Amino acid sequence: MIALPSFQQLRFLCALAERCHFGKAADSCAVTQSTLSGGIKDLEARLGVALFERSHRHVLLTPLGKEIAASAQRLLVGAEELVGMARNAQAPLTGPLRFGVIPTIGPYVLPALLSHLGAVVPGLKLYVREDQSAILLDKLAAGELDILLLAMPYDLGDVETMEIAEDPIVVAVPRNHPLCRRNAVDPDDLVGEQILMMEDGHCLRSHSLQACRIVGPVRNEVFQATTLRTLVQMVAADLGITLMPQIAVDSELASTANVVIRPLSPDQPFRTLVLAWRQTSSRGTEFRALGNLIRDCLAGTGRTPAPSQNIEALPAH
């Protein structure tokens, strides 16, 4: 009979493969460094191959170790799905849920959503990770996250999705700007304007470029930011104009008096908020139920003042 590796050994392998540092890998697994090191040695002995190259300065995966670590990650994800299938059949929307969200959605949706979920599904324990779309999708594929709240258009790859809501893209301009005198702004009116954008990597940047019908480099781009709040403050300082999602308008303009919002016409461009999860997940029915709760909340039918105690932040890696 083949002596199979334990799931703990596979966890040790995946942690060390990701961090290439025994101390950091041990911390992530909540064990001592000697325990993790011993587990890796036992795994290598059981498999009869070297998985890592070790020296005083570094730890590197061997080529075969890289393949085995990827396979181990898939096995761990499958094991979690198996446990989740049994648990969710008994009590859907309970227990831990690792939830990823992008920065141009999270701050504007989570406060109301978490209050709503805390009242409607108090047994659900959310662990939230906020990051850019590409990073979140990688973590979803690796089994580090269960579900994502993203914005399209974006190449989501091989995932299951559920559309939640349409979020219009609008123009933010300084109060003394000539465009303030118009009820709506045509994308052609933006030619020659100083445009402030999110930095590369944020999907809102591509959404804004599409809304402006801009293809290729933005010649009149003068500033890039990592947050919408920074962009709005730059607009308030009369340094240019920007495009932002409608869901962020009330929050970002609450303390900013010198900014005016105008819709884009005649196309009225928008991004689409979607939930995304692995096609292999056993929790599809449960996730769609969660999607309906999010829809209700965004539509204003699910808002509740009840405080939520069911959220923690996932640690950054």
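Just so it is clear, the structure is predicted and the values come from calculations on it, not from any experiment. The figures here come from the full heavy-atom set of this structure, side chains too, leaving out hydrogens, waters and symmetry mates.
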Is the side chain of [X] donor-acceptor paired with the backbone N or O of [Y] at a distance under 3.5 Å, no angle test?
X    : Y    : value
S28  : A25  : yes
T62  : A50  : yes
R175 : V260 : no
R54  : L60  : no
T242 : L196 : yes
D138 : I135 : no
R98  : G143 : yes
S265 : Q268 : no
R271 : I169 : no
D167 : I247 : yes

Could you state the interatomic distance from [atom1] ([X]) to [atom2] ([Y]), rounded to the nearest 0.5 Å?
X    : Y    : atom1 : atom2 : value
L117 : L93  : CG    : CG    : 8.0 Å
M234 : M197 : CE    : CE    : 14.0 Å
L136 : E130 : CG    : CD    : 9.0 Å
L61  : L16  : CG    : CG    : 7.0 Å
M162 : L149 : CE    : CG    : 11.5 Å
E44  : L51  : CD    : CG    : 4.5 Å

Heavy atoms only: give me the nearest [X]-[Y] pair and the separation to one decimal.
X    : Y    : result
G39  : F12  : CA-CD1, 3.9 Å
R262 : L179 : CG-O, 4.1 Å
A15  : C29  : CB-SG, 3.5 Å
R283 : T94  : NH2-O, 4.4 Å
D189 : R182 : OD2-NH1, 2.5 Å
L137 : L150 : CD2-CD1, 4.0 Å

Exercise for the section: Test L275 against I164 for side chain to side chain contact (heavy atoms under 4.5 Å, CB included), laying out the working first. Expected result: CA-CA 7 Å; L275 281 180; I164 300 299; 4.0 Å; yes
Same apolar cluster (I L V M F W Y, side chains within < 4.5 Å links), [X]/[Y]:
X    : Y    : value
L13  : F7   : no
L36  : L10  : no
L190 : F270 : no
Y154 : L148 : yes
L293 : V128 : yes

Is [Y] close to [X] at the side-chain level, that is, under 4.5 Å between some pair of heavy atoms?
X    : Y    : result
L47  : L43  : yes
L239 : Q194 : no
V159 : R278 : no
L290 : V121 : no
C14  : L76  : yes
Y108 : E252 : yes
Q246 : E166 : no
F99  : L145 : no

Exercise for the section: Just do the side chain to side chain donor-acceptor pair (under 3.5 Å) check on H177 and E193 with the steps written out, would you? Expected result: CA-CA 11 Å; H177 196 282; E193 295 291 341; 2.9 Å; yes
Exercise for the section: Determine, step by step, whether L140 and I147 satisfy the side chain to side chain contact (heavy atoms under 4.5 Å, CB included) criterion, reporting the C-alpha distance in whole Å, the side-chain angles of both residues, the deciding distance to 0.1 Å, and the verdict. Expected result: CA-CA 7 Å; L140 180 70; I147 192 168; 5.7 Å; no
Practice task
With Q9 as reference, evaluate I40, L4, D42 under the side-chain contact (heavy atoms from CB on, under 4.5 Å) test and give the passing residue.
Solution key: D42
Problem - Worked check of salt bridge (Lys or Arg N to Asp or Glu O under 4.0 Å) between E160 and R288 - result: CA-CA 10 Å; E160 200 70 35; R288 292 189 180 280; 3.5 Å; yes
Problem - Step-by-step side chain to side chain donor-acceptor pair (under 3.5 Å) determination, S34 to S37 - result: CA-CA 5 Å; S34 60; S37 179; over 6 Å; no
Exercise for the section: Go through T35 and T32 one step at a time and tell me if the side chain to side chain contact (heavy atoms under 4.5 Å, CB included) criterion holds. Expected result: CA-CA 5 Å; T35 297; T32 64; 2.7 Å; yes
Problem - Test side chain to side chain contact (heavy atoms under 4.5 Å, CB included) applied to Q132 and I102, step by step - result: CA-CA 5 Å; Q132 294 180 11; I102 57 177; 5.9 Å; no
Practice task
Return yes when atom CG of N176 has more than 12 non-hydrogen atoms of other residues, nucleotides or ligands closer than 6.0 Å, and no otherwise.
Solution key: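 Atom CG in N176 is crowded, with more than 12 foreign heavy atoms closer than 6.0 Å.
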